[in-house]
Participant: 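I'd like to ask some things about the structure below.
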Amino acid sequence: MSTDTAPATPAAVPAARAAAAPVVRRIAAQASFETRAILRNGEQLLVTIVLPVLVLVALVRTSFIDLDTHGLSRVDFVTPGVLALAVMSTAFTSQAIATAFDRRNGVLRLMATTPLGRTGLLAGKVLGVLAVEVVQVVVIAGVALALGWQPELGALPAVLGAGLLGTAAFTALALLLAGTLRAEGVLAVANLVLVLLTVGGGVLLPAQQLAGPLAHAAVLLPSGALGEAMRGALLHGAVPPFSVVVLLAWTAALGAGAARLFRWH
């Protein structure tokens with residue numbers, strides 16, 4: 001009794017072997033996942049949304065910090081710095097912690113072997129950061145408007161430019177930190193750095209209003225440069241050139257460090 005078996009033909013190949021989705025669709029799917037992961041995480045939501053809103057309300061509605069607003073209302077003076085803080089919280093703290101734990105759990109190494117690849121994974125993370133920042137801006141701007149903020153709509157292009165520069169610098173810092181330290185170390189260091197930069201990094205208040213040496217050092221930090229860029233954009237309609245140079249320099253240095261030292265496992 002013969003048992004002839006027909007050879008496999010292309011028509012019999014399972015659908016699972018079909019070509020992978022286009023690269024744009026793969027990156028978009030990863031970006032959507034990254035966005036949802038941040039917004040659904042209670043701790044991340046606290047850092048990215050709740051903290052900046054609380055800082056905004058506290059600085060506008062209370063007077064425990066004496067501000068020299070140069071004749072502006074407190075909400076007009078404070079809102080640019082809070083938006084800069086929001087960029088820092090998402091591009092740096094949230095991204096560093098999430099990437100570090102993905103690395104520890106083997107997610108990065110696994111995803112790098114899929115059709116998405118390393119470049120697509122990083123692109124998805126960056127787009128996820130930008131998507132969360134859009135949510136942050138909507139929420140913070142809504143609260144600021146309710147508090148009496150009167151932004152100049154013509155400053156929008158400058159604000160977008162400042163936000164992108166800050167996002168690039170702090171995302172590079174996040175990847176450098178997440179790719180070199182243990183996840184638990186990243187968790188501690190990222191939160192500590194966020195607190196230190198918020199208090200003395202020139203992000204919420206102009207560097208010249210800080211005490212002692214901080215007044216000179218803060219303008220050279222990415223936090224100080226981002227704060228000045230946001231204030232320049234929203235209060236004067238243009239990003240200060242020095243802030244642009246500082247942010248570009250930090251982005252280049254931190255990006256080179258991350259590219260050289262980042263470990264995927």
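Predicted model only: the values in this text are computed from it and were never measured. Keep in mind that the numbers below use all heavy atoms, side chains included, and drop hydrogens, waters and symmetry copies.
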Participant: Evaluate the side-chain contact (heavy atoms from CB on, under 4.5 Å) criterion for residues Val219 and Val246: first the C-alpha distance (whole Å), next the side-chain angles of each, then the deciding distance (0.1 Å), finally the verdict.
Facilitator: CA-CA 8 Å; Val219 294; Val246 172; over 6 Å; no

Participant: Check the surroundings of atom CD in Gln150: do more than 12 heavy atoms from other residues, nucleotides or ligands lie under 6.0 Å from it?
Facilitator: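 Counting neighbours around CD of Gln150, 12 or fewer heavy atoms of other residues, nucleotides or ligands fall under 6.0 Å, so no.
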
Participant: Can you name the nearest heavy-atom pair linking Arg103 to Ala178, along with the distance?
Facilitator: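 Nearest pair, atom of Arg103 first, then Ala178: NH1-O, 3.1 Å.
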
Participant: Mind checking whether Leu196 and Val189 sit in one hydrophobic cluster, side chains of I, L, V, M, F, W, Y counted as touching below 4.5 Å?
Facilitator: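 Cluster IDs for Leu196 and Val189 differ.
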
Participant: Between Val193 and Phe92, is any pair of side-chain heavy atoms under 4.5 Å apart?
Facilitator: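 Val193 vs Phe92: side chains touch.
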
Participant: If you apply the rule side-chain contact (heavy atoms from CB on, under 4.5 Å), what do you find for Gln30 with Met111, and how did you get there?
Facilitator: CA-CA 10 Å; Gln30 183 63 28; Met111 294 297 293; 3.4 Å; yes

Participant: Hey, is CZ on Arg182 packed in by over 12 heavy atoms from elsewhere, all under 6.0 Å?
Facilitator: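 Count not over threshold, so no.
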
Participant: Output, in order, the C-alpha distance, side-chain angles, deciding distance and verdict of side-chain hydrogen bond (donor to acceptor under 3.5 Å, both in side chains) for Gln136 and Ser89.
Facilitator: CA-CA 10 Å; Gln136 288 178 297; Ser89 67; 3.2 Å; yes

Participant: Arg231 side chain to Val203 main-chain N or O, any donor-acceptor pair under 3.5 Å?
Facilitator: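 Pair found, side chain donor or acceptor close to backbone of Val203.
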
Participant: Might you point out which heavy atoms bring Thr62 and Arg74 nearest each other, and give the distance in Å?
Facilitator: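 Between these two residues, the closest heavy atoms are O-NH2, 3.1 Å.
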
Participant: Please examine the side chains of Leu220 and Phe242, heavy atoms only from C-beta on, and report whether any two atoms are closer than 4.5 Å.
Facilitator: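 Yes, at least one pair of side-chain atoms sits under 4.5 Å.
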
Participant: Determine the minimum heavy-atom distance between Gly124 and Glu34, stating which atoms define it.
Facilitator: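 Of all heavy-atom pairs spanning Gly124 and Glu34, the closest is O-CG, 3.9 Å.
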
Participant: Rounded to the nearest 0.5 Å, what separation is found between the CH2 atom of Trp149 and the CG atom of Leu234?
Facilitator: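 These two atoms lie 5.5 Å from each other.
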
Participant: For the pair Ser32 (side chain) and Ala28 (backbone), establish whether a donor and an acceptor sit closer than 3.5 Å, ignoring hydrogens and angles.
Facilitator: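 Not confirmed, Ser32 side chain does not pair with Ala28 backbone.
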
Participant: Supply the atom-to-atom distance Ile27 CD1 to Arg25 CZ, rounded to the nearest 0.5 angstrom.
Facilitator: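 That separation rounds to 12.5 Å.
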
Participant: Could you walk me through whether Phe170 and Leu226 pass the side-chain contact (heavy atoms from CB on, under 4.5 Å) check?
Facilitator: CA-CA 10 Å; Phe170 280 101; Leu226 177 57; 4.0 Å; yes

Participant: Check the pair Leu121 / Trp264 against side-chain contact (heavy atoms from CB on, under 4.5 Å), numbers first and verdict last.
Facilitator: CA-CA 12 Å; Leu121 177 59; Trp264 290 82; 3.7 Å; yes

Participant: Look at the side-chain heavy atoms of Ile, Leu, Val, Met, Phe, Trp and Tyr, link any pair under 4.5 Å apart, and say whether Val87 and Leu160 land in one connected group.
Facilitator: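 No, Val87 and Leu160 fall in different hydrophobic clusters.
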
Participant: Specify the closest pair of heavy atoms between Leu85 and Pro52, including all atoms of both residues, with the distance to one decimal.
Facilitator: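 Closest approach of Leu85 to Pro52: CD2-CA, 4.4 Å.
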
Participant: Same cluster for Val138 and Val82 if Ile/Leu/Val/Met/Phe/Trp/Tyr side chains link at under 4.5 Å?
Facilitator: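 The answer is no; the residues belong to distinct hydrophobic clusters.
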
Participant: Does the pair Ser94 and Gln44 meet the rule for a side-chain hydrogen bond (donor to acceptor under 3.5 Å, both in side chains), with working shown?
Facilitator: CA-CA 6 Å; Ser94 179; Gln44 301 288 6; 2.9 Å; yes

Participant: So do Leu130 and Thr167 actually touch side chain to side chain, heavy atoms under 4.5 Å?
Facilitator: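 Yes, close enough: below the 4.5 Å cut-off.
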
Participant: Taking a hydrophobic cluster as the set of Ile, Leu, Val, Met, Phe, Trp and Tyr residues connected by side-chain heavy atoms closer than 4.5 Å, whether directly or through intermediates, do Val137 and Leu145 fall within one such cluster?
Facilitator: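 Val137 clusters together with Leu145.
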
Participant: Tell me whether Asp76 contacts the main-chain N or O of Leu72 through its side chain, where contact means a donor paired with an acceptor under 3.5 Å.
Facilitator: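 Side chain of Asp76 to backbone of Leu72, a donor-acceptor pair under 3.5 Å: no, none is there.
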
Participant: Report the distance from atom CZ of Phe262 to atom CG of Leu122, rounding to the nearest 0.5 Å.
Facilitator: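 That separation rounds to 6.5 Å.
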
Participant: Counting distance only, does the side-chain N/O of Asn41 pair as donor-acceptor with the main-chain N or O of Ala37 below 3.5 Å?
Facilitator: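 Between the backbone of Ala37 and the side chain of Asn41 there is no qualifying donor-acceptor contact (under 3.5 Å).
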
Participant: Looking only at heavy atoms, what is the nearest atom pair of Val75 and Thr79, with distance?
Facilitator: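 The answer is O-OG1, 2.6 Å.
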
Participant: Check the hydrophobic clustering (I, L, V, M, F, W, Y; side-chain heavy atoms under 4.5 Å; chains of links allowed) and say if Leu67 and Leu210 are grouped together.
Facilitator: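 Shared cluster, no.
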
Participant: To the closest 0.5 Å, what do you measure between CG (Leu176) and CG (Leu254)?
Facilitator: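 Leu176 CG to Leu254 CG: 6.0 Å, rounded to 0.5 Å.
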
Participant: Compare every heavy atom of Gln95 with every heavy atom of Ala174, then report the nearest pair and how far apart it is.
Facilitator: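 Smallest heavy-atom distance, with atoms named: CB-CB, 4.1 Å.
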
Participant: Please round to the nearest 0.5 Å and tell me the distance separating atom CG of Leu181 and atom CG of Leu261.
Facilitator: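 Going from CG on Leu181 over to CG on Leu261, the span is 10.5 Å.
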
Participant: Would Arg109 and Asp102 count as a salt bridge (Lys or Arg N to Asp or Glu O under 4.0 Å) here? Give the steps.
Facilitator: CA-CA 9 Å; Arg109 180 170 54 182; Asp102 282 349; over 6 Å; no

Participant: What's the separation between atom CE in Met88 and atom CG in Leu173, rounded to the nearest 0.5 Å?
Facilitator: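 Answer rounded to 0.5 Å: 9.5 Å.
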
Participant: Can you confirm whether more than 12 heavy atoms, excluding those of Glu43, are under 6.0 Å from its CD atom?
Facilitator: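 Check fails, neighbour count at 12 or below.
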
